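Given the structure is predicted, the values throughout are model-derived calculations rather than measurements. Sequence positions, counted from 1, serve as the residue numbers for this chain.
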Amino acid sequence: MGVLPLQFVDGQSADSLGLSGQETFSVEGLAKTLDGNWKPGSRLMVAAKAADGSTKRFDVLLRIDTPNEVEYYRNGGILQFVLRRLLS
C-alpha cells in the first residue's frame with residue numbers, strides 16, 4: 001500500500017543509471033496513464049533529481065498489471081478499496 005510498482009526496463013538498473021537512492025524522484029504521466037491510456041506494461045518517465053541539482057531521466061515499466069490493480073491504486077491501496085466498498 002502506498003507504493004507505486006515500477007520496474008527498470010531491460011538493461012537498466014540503479015547502478016547502470018548511477019542512482020544512489022538519495023535522489024528525489026518524480027514520475028511523469030502517471031495520472032494520464034491511469035485515467036485513460038493504461039495497459040499492462042505501460043511505460044512512464046522518471047526524473048531523478050540529485051542533491052547537487054542534476055537530473056537523470058529514464059523510462060520505467062508501470063507494474064500495475066490488471067484493471068483491479070488500477071482501482072486499488074486509485075483508492076490508495078487494497079485496504080482502502082475494500083473499506084470504501086464495505087461502507088458504500
Worksheet entry | Any donor-acceptor N/O pair, Lys56 side chain to Leu19 backbone, under 3.5 Å | no

Discussion item. Donor-acceptor check, side chain of Ser42 to backbone of Trp38, threshold 3.5 angstrom: yes or no?
Written reply: no

Worksheet, complete the sentence: Sequence neighbours excluded, the answer for side-chain contact (heavy atoms from CB on, under 4.5 Å) partners of Val82 is Ile78, Leu86

Item to complete: Check side-chain contact (heavy atoms from CB on, under 4.5 Å) between Ser13 and all other residues, then give those that pass, not counting sequence neighbours.
Response: Asp15, Ser16

Discussion item. Tell me every residue that passes side-chain hydrogen bond (donor to acceptor under 3.5 Å, both in side chains) with Asn68, counting only those two or more places apart in sequence or in another chain.
Written reply: none

Practice prompt. Return the set of residues passing side-chain hydrogen bond (donor to acceptor under 3.5 Å, both in side chains) with Ser54 (not counting sequence neighbours), or none when no residue passes.
Written response: Asp52

Worksheet, complete the sentence: In short, salt bridge (Lys or Arg N to Asp or Glu O under 4.0 Å) pairs touching residues 17-40 with sequence neighbours left out are Glu28-Arg57, Asp35-Arg74

Practice prompt. Scan for salt bridge (Lys or Arg N to Asp or Glu O under 4.0 Å) pairs involving residues 61-70, sequence neighbours excluded, and state none if there are none.
Written response: Arg63-Asp65

Discussion item. Are Ile64 and Pro5 packed together at the side-chain level, in the sense that at least one heavy-atom pair is separated by less than 4.5 angstrom?
Written reply: yes

Practice prompt. For residues Leu4 and Phe25, determine if any side-chain heavy atom of one lies less than 4.5 Å from a side-chain heavy atom of the other.
Written response: no

Would you give the length of the straight line joining atom [atom1] of [X] to atom [atom2] of [Y], rounded to the nearest 0.5 angstrom?
{"X": "Arg85", "Y": "Asn75", "atom1": "CZ", "atom2": "CG", "value": "8.5 Å"}
{"X": "Asp59", "Y": "Leu44", "atom1": "CG", "atom2": "CG", "value": "8.5 Å"}
{"X": "Lys49", "Y": "Thr55", "atom1": "NZ", "atom2": "OG1", "value": "6.0 Å"}

Discussion item. Using a 4.5 Å cut-off between side-chain heavy atoms of Ile, Leu, Val, Met, Phe, Trp and Tyr, which other residues end up in the same hydrophobic cluster as Leu61?
Written reply: Val9

Worksheet item: Applying the 4.5 Å side-chain criterion to the ILVMFWY set and letting contacts propagate, would Leu17 and Met45 be lumped into a single cluster?
Response: no

